Amino acid sequence: MNTPRVRFAPSPTGYLHIGGARTALFNWLFARQHKGQFMLRIEDTDLERSKEEYVDQITDALSWLGLNWDEDIVLQSNNKSRHEEMVAKMLDNGTAYRCFFQKEELDDLRLASEQKKEVFRVPETYRDLSDDEVQELLNQGKSFTVRLKVPEGETEFTDLVYGTIKVQNKDLDDFIIARSDGSPTYNFVVAIDDSDMNISHVVRGDDHLANTPKQILVYRALGLNEPIFAHLPMILGSDKKRLSKRHAATNVQEYKNKGFTATAILNYLSLLGWNPDSDKEIFNQEGLIESFQFDQVQKKSAVFDEKKLLWISQQHLTKMSVRDAMNEIYKLNPDWGDGLDWNYLKEIVKLIKDRSKTITEIADMSGLFFQELLKYDKDLISKIFSDEAIAILTDFKSALEGCDTWNRSEIELIFDNLMAQHVVQIGKVMKPIRVALTGITFGPGIFDLILLLGKDICLKRVRNLLSILD
RNA sequence: GGCCCGUUCGUCUAGUGGUUAGGACUCAUGGUUUUCAUCCAUGCAACAGGGGUUCGAUCCCCCUACGGGCUGCCA
């Protein structure tokens with residue numbers, strides 16, 4: 001195989017959603033694996049809905065995911081004259097014709113067919129007019145669309161995912177390639193642009209599967225080389241409906257904000273509709289590039305499951321170095337740990353990274369190291385602090401005050417003494433102290449916590465809580 | 001309506017003309033751990049239905065059902 005050239009071709013009518021990201025990912029993986037090119041084309045011909053800001057959002061999201069594209073971004077709107085040229089060419093070579101039906105006429109006909117439960121086809125009234133007849137209508141100033149003259153026979157292609165797809169051409173209507181205002185339509189331009197960009201493999205969502213034969217007809221009408229097609233199954237929401245704005249989070253940006261790393265998202269997305277032919281599930285970008293294969297892509301649509309994403313995210317976090325984790329936190333929140341000693345921050349992250357599922361969780365948990373005093377939940381306090389717990393905490397305070405050496409064994413000794421003094425198990429000692437120091441009942445090991453917080457802060461928090469309890 | 005595509009645990013998936021239908025996530029239980037998380041163990045849980053073909057179908061064929069896409073002067 002020559003090195004492939006693939007493209008991701010979003011229309012800038014919204015942010016980059018999860019489904020688009022997966023399509024982009026598979027294109028990118030395929031290109032990178034075969035040392036080919038991954039191109040980005042913005043399909044901005046729908047002037048009504050296309051917005052400049054969405055182009056930025058999409059490219060930002062792709063960049064953040066690390067799905068870097070080659071060569072300059074192609075704006076479909078820039079190819080206008082080329083499209084017009086090709087329409088003229090098809091008119092010229094007889095593979096297309098001017099259709100003088102007005103929209104309203106067709107709407108009526110379509111409605112009538114539907115009511116009679118008949119299949120609607122555009123009447124062939126204008127399909128084979130002579131040049132003179134056409135000229136006559138043009139002279140009358142009648143507006144027209146340009147339709148592709150679908151030939152007899154059948155159209156067949158081999159899809160890398162779906163295998164051989166065959167349709168009877170009679171089931172295809174002569175479809176419009178240029179509107180009455182002269183602007184070309186999607187099924188036409190997509191073929192022209194892909195051909196002009198020398199795209200070797202068209203990899204896209206399977207909502208385009210049914211359009212593919214039409215596009216092939218365009219290639220053939222113009223004598224262009226047909227690319228290889230690969231259609232990817234849809235990604236669905238938990239209600240099994242196509243992912244849309246109705247669903248919780250579909251925007252890649254939202255997942256970034258929730259604290260998922262690009263690697264985790266890419267990893268999860270790759271497993272939606274593809275399997276690596278092994279039990280391995282955790283991949284970084286390099287691993288995915290190495291393993292990706294179209295013949296292991298699923299035909300069935302897949303439901304997006306955030307629980308599994310969380311699990312994958314956590315797996316990546318435990319593999320991640322403390323330094324990388326810190327960088328991820330800074331990327332998410334540049335003000336994180338402002339003014340604090342880098343080594344101190346590093347120790348904090350080291351302590352909480354492996355028990356977090358997302359970057360956000362690390363950042364949130366680290367908050368308890370950033371202030372002197374904490375706010376406490378009333379219910380929790382009243383639940384935890386029995387008289388005995390208060391006594392233990394009071395003794396803990398005294399022990400801290402008398403503690404001159406600050407190391408782990410010293411602290412462990414304090415706990416041992418408290419246990420002996422009050423004749424209780426370690427849990428009874430630990431729980432009130434943990435809550436006093438963190439405000440919560442879970443988190444890093446208590447000794448590590450105390451050690452890192454430092455004697456000063458620990459004492460301040462304990463004294464503060466004791467005064468509240470009073 | 002027509003055309004195209006699909007259907008294995010709740011979810012992501014593996015798999016085979018004869019298997020106890022495998023793994024992962026979730027969930028439950030137990031163990032490890034100073035808490036939590038991790039980790040480990042165990043458990044729950046699936047071949048859409050009906051016909052064929054066959055000694056034998058989850059697997060091959062047909063039909064049905066269900067889901068999705070296309071059927072636009074949207075992309």
Side-chain angles (χ1 to χ4, degrees), chain A residues 9-13 43-46 48-50 76 99 101-103 106-107 110 113-114 116-121 143-147 159 161-163 165-168 170-173 175-187 189-190 205-214 231 233-234 236 238 240-242 268 271-282 296 298-312 314-315 318 352 354-357 361 412 415 419 425-431 433-435 438 440-449:
Chain A
S11 54
T13 53
E43 310 223 314
D44 57 346
T45 45
D46 183 351
E48 299 280 304
R49 296 194 298 150
S50 294
Q76 189 159 66
C99 170
F101 279 117
Q102 303 303 298
K103 191 175 191 313
L106 288 175
D107 287 345
R110 205 182 326 262
S113 294
E114 272 169 31
K116 282 188 280 181
K117 301 225 184 281
E118 286 173 2
V119 176
F120 175 75
R121 285 281 115 84
S143 73
F144 62 90
T145 58
V146 179
R147 290 182 185 271
D159 188 278
V161 173
Y162 284 91
I165 307 275
K166 186 159 74 175
V167 295
Q168 300 302 313
K170 66 176 171 52
D171 292 326
L172 265 22
D173 215 357
F175 58 95
I176 291 175
I177 61 171
R179 305 181 182 92
S180 50
D181 66 0
S183 66
T185 59
Y186 170 75
N187 281 312
V189 294
V190 75
D206 77 3
D207 45 340
H208 292 291
L209 195 60
N211 281 327
T212 305
K214 294 182 182 179
H231 288 88
M234 302 269 94
L236 311 177
S238 50
K240 303 227 177 195
K241 299 280 185 211
R242 187 178 180 164
Y268 178 63
L271 262 20
L272 237 36
W274 171 75
N275 85 81
D277 208 18
S278 77
D279 283 346
K280 195 176 168 193
E281 293 197 285
I282 302 304
Q296 282 153 183
Q298 206 77 227
K299 296 183 184 73
K300 169 182 96 159
S301 46
V303 173
F304 187 88
D305 177 20
E306 193 167 325
K307 286 249 174 67
K308 182 107 185 198
L309 206 210
L310 275 167
W311 178 77
I312 285 178
Q314 179 211 81
Q315 296 290 313
T318 59
I352 55 189
D354 288 354
R355 34 170 52 81
S356 304
K357 287 186 164 67
E361 274 183 29
E412 286 184 22
F415 274 72
M419 281 157 65
Q425 298 285 303
I426 185 148
K428 292 267 190 188
V429 174
M430 204 198 65
K431 203 159 211 174
I433 294 175
R434 172 181 292 284
V435 171
T438 67
I440 49 179
T441 55
F442 55 89
I446 192 75
F447 303 130
D448 294 327
L449 199 61

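What you see is a predicted model; the values in this text were computed from it and never measured. All chains are named by letter (A, B, ...) in the order of the sequence lines, taking the proteins before the strands, and each is independently numbered beginning at 1.
Looking at heavy-atom distances under 4.0 Å, A:T145 makes contact with a base. Across all strands, A:P213 comes closer than 4.0 Å to no nucleic acid atom at all (heavy-atom distances). Nucleic acid contact class of A:Q315 (heavy atoms, under 4.0 Å, all strands): sugar-phosphate only. As judged by a 4.0 angstrom heavy-atom cut-off over every strand, A:F144 is placed among residues making no nucleic acid contact. Contact annotation for A:Q314: backbone-only contact, meaning every heavy-atom pair under 4.0 Å involves sugar-phosphate atoms and none involves a base. Looking at heavy-atom distances under 4.0 Å, A:D46 makes contact with sugar-phosphate atoms alone, never a base. Within 4.0 Å of A:G427, counting heavy atoms only, lies no atom of the nucleic acid at all.
A 4.5 Å side-chain heavy-atom check between A:T145 and A:K103 finds every atom pair outside the cut-off. Looking at heavy atoms from C-beta onward, A:Q296 lies out of side-chain contact with A:P276 at the 4.5 angstrom threshold. A:Q76 has its side chain out of reach of A:Y186: every pair of non-hydrogen atoms, C-beta onward, lies at least 4.5 Å apart. Put simply, the side chain of A:T441 reaches to within 4.5 Å of the side chain of A:V435, judged on heavy atoms.
Distance, A:K166 NZ to B:C3 P: 15 Å, rounded to whole Å. The CH2-C1' distance, from A:W311 to B:A37, rounds to 15 Å in whole Å.
Checking side-chain atoms of A:Q298 against main-chain N and O of A:N275 turns up no donor-acceptor pair under 3.5 Å. Using a distance-only test at 3.5 Å, with no hydrogens or angles considered, no donor-acceptor pair links the side chain of A:D173 to the main chain of A:F175. In this structure a side-chain-to-backbone donor-acceptor pair under 3.5 Å is present from A:D159 to A:H231. Checked by atom type and distance alone, the side chain of A:S11 never pairs as donor or acceptor with a backbone atom of A:T13 at under 3.5 Å.
One finds a side-chain N or O of A:R179 lying less than 4.0 angstrom from the OP1 or OP2 phosphate oxygen of B:A75. Contact annotation: A:K300 does not reach the phosphate of B:G68 (side-chain N/O to OP1 or OP2, under 4.0 Å). A:K240 has a side-chain polar atom (N or O) that falls below the 4.0 Å cut-off from OP1 or OP2 of B:U11. Under 4.0 angstrom from either OP1 or OP2 of B:C74 there lies no side-chain N or O belonging to A:R49. A:R110 has a side-chain polar atom (N or O) that falls below the 4.0 Å cut-off from OP1 or OP2 of B:G72. At B:G72, none of the side-chain N or O atoms of A:K103 fall inside 4.0 Å of OP1 or OP2 (strictly under the cut-off). Between A:Q298 and B:A14, a side-chain N or O to OP1/OP2 separation shorter than 4.0 Å is present.
Side-chain proximity of A:H208 to the nucleotides B:A75, B:U35, B:G72 is greatest for B:A75. Out of B:G1, B:G23, B:U71, the shortest distance to the side chain of A:D279 is found at B:G23. For A:K299, the side-chain atoms get nearest to B:G6 when compared with the rest of B:U35, B:G72, B:G6. When distances run from any side-chain atom of A:A210 to the nucleotides B:C70, B:A75, B:U34, the shortest one goes to B:C70. Taking every side-chain heavy atom of A:K308 into account, B:C12 is the closest of B:C12, B:C70, B:C36. The listed nucleotides are B:C4, B:A75, B:G69; the one nearest the side chain of A:N211 is B:A75. Listed nucleotides B:C73, B:U34, B:C74 differ in distance to A:I426; the shortest reach to its side chain belongs to B:U34.
Side-chain atoms of A:R121 stay outside donor-acceptor range of the base of B:U71, with no qualifying N/O pair under 3.5 Å. A donor-acceptor contact under 3.5 Å links the side chain of A:S180 to the base of B:C73.
As the counterpart of B:U20, no nucleotide is assigned, since no Watson-Crick or G-U wobble pattern has both distances under 3.5 Å. The partner of B:A28 is B:U42, by the rule that a Watson-Crick or G-U pair needs both atom distances under 3.5 Å. Across every strand in view, B:C60 sits in a pair with B:G52 that passes the Watson-Crick or G-U test at under 3.5 angstrom. Remark: B:A65 base-pairs with B:U7; criterion is Watson-Crick or G-U wobble with both hydrogen-bond distances under 3.5 Å. When both pairing distances are held under 3.5 Å, B:U33 makes no Watson-Crick or G-U pair with any nucleotide shown.
Taking atom P in both B:C60 and B:G6, the straight-line distance is 12 Å, to the nearest Å.
Taking the charged nitrogens against the carboxylate oxygens, A:D305 and A:K308 have no contact shorter than 4.0 Å, which rules out a salt bridge.
For residues 271-278 of chain A, proximity to RNA chain B is found at A:L271, A:L272, A:G273, A:N275, defined as any non-hydrogen atom under 4.0 angstrom from a strand atom.
Here A:R121 contributes atom CZ and A:D171 contributes atom CG; the two are 6.0 Å apart, rounded to the nearest 0.5 Å.
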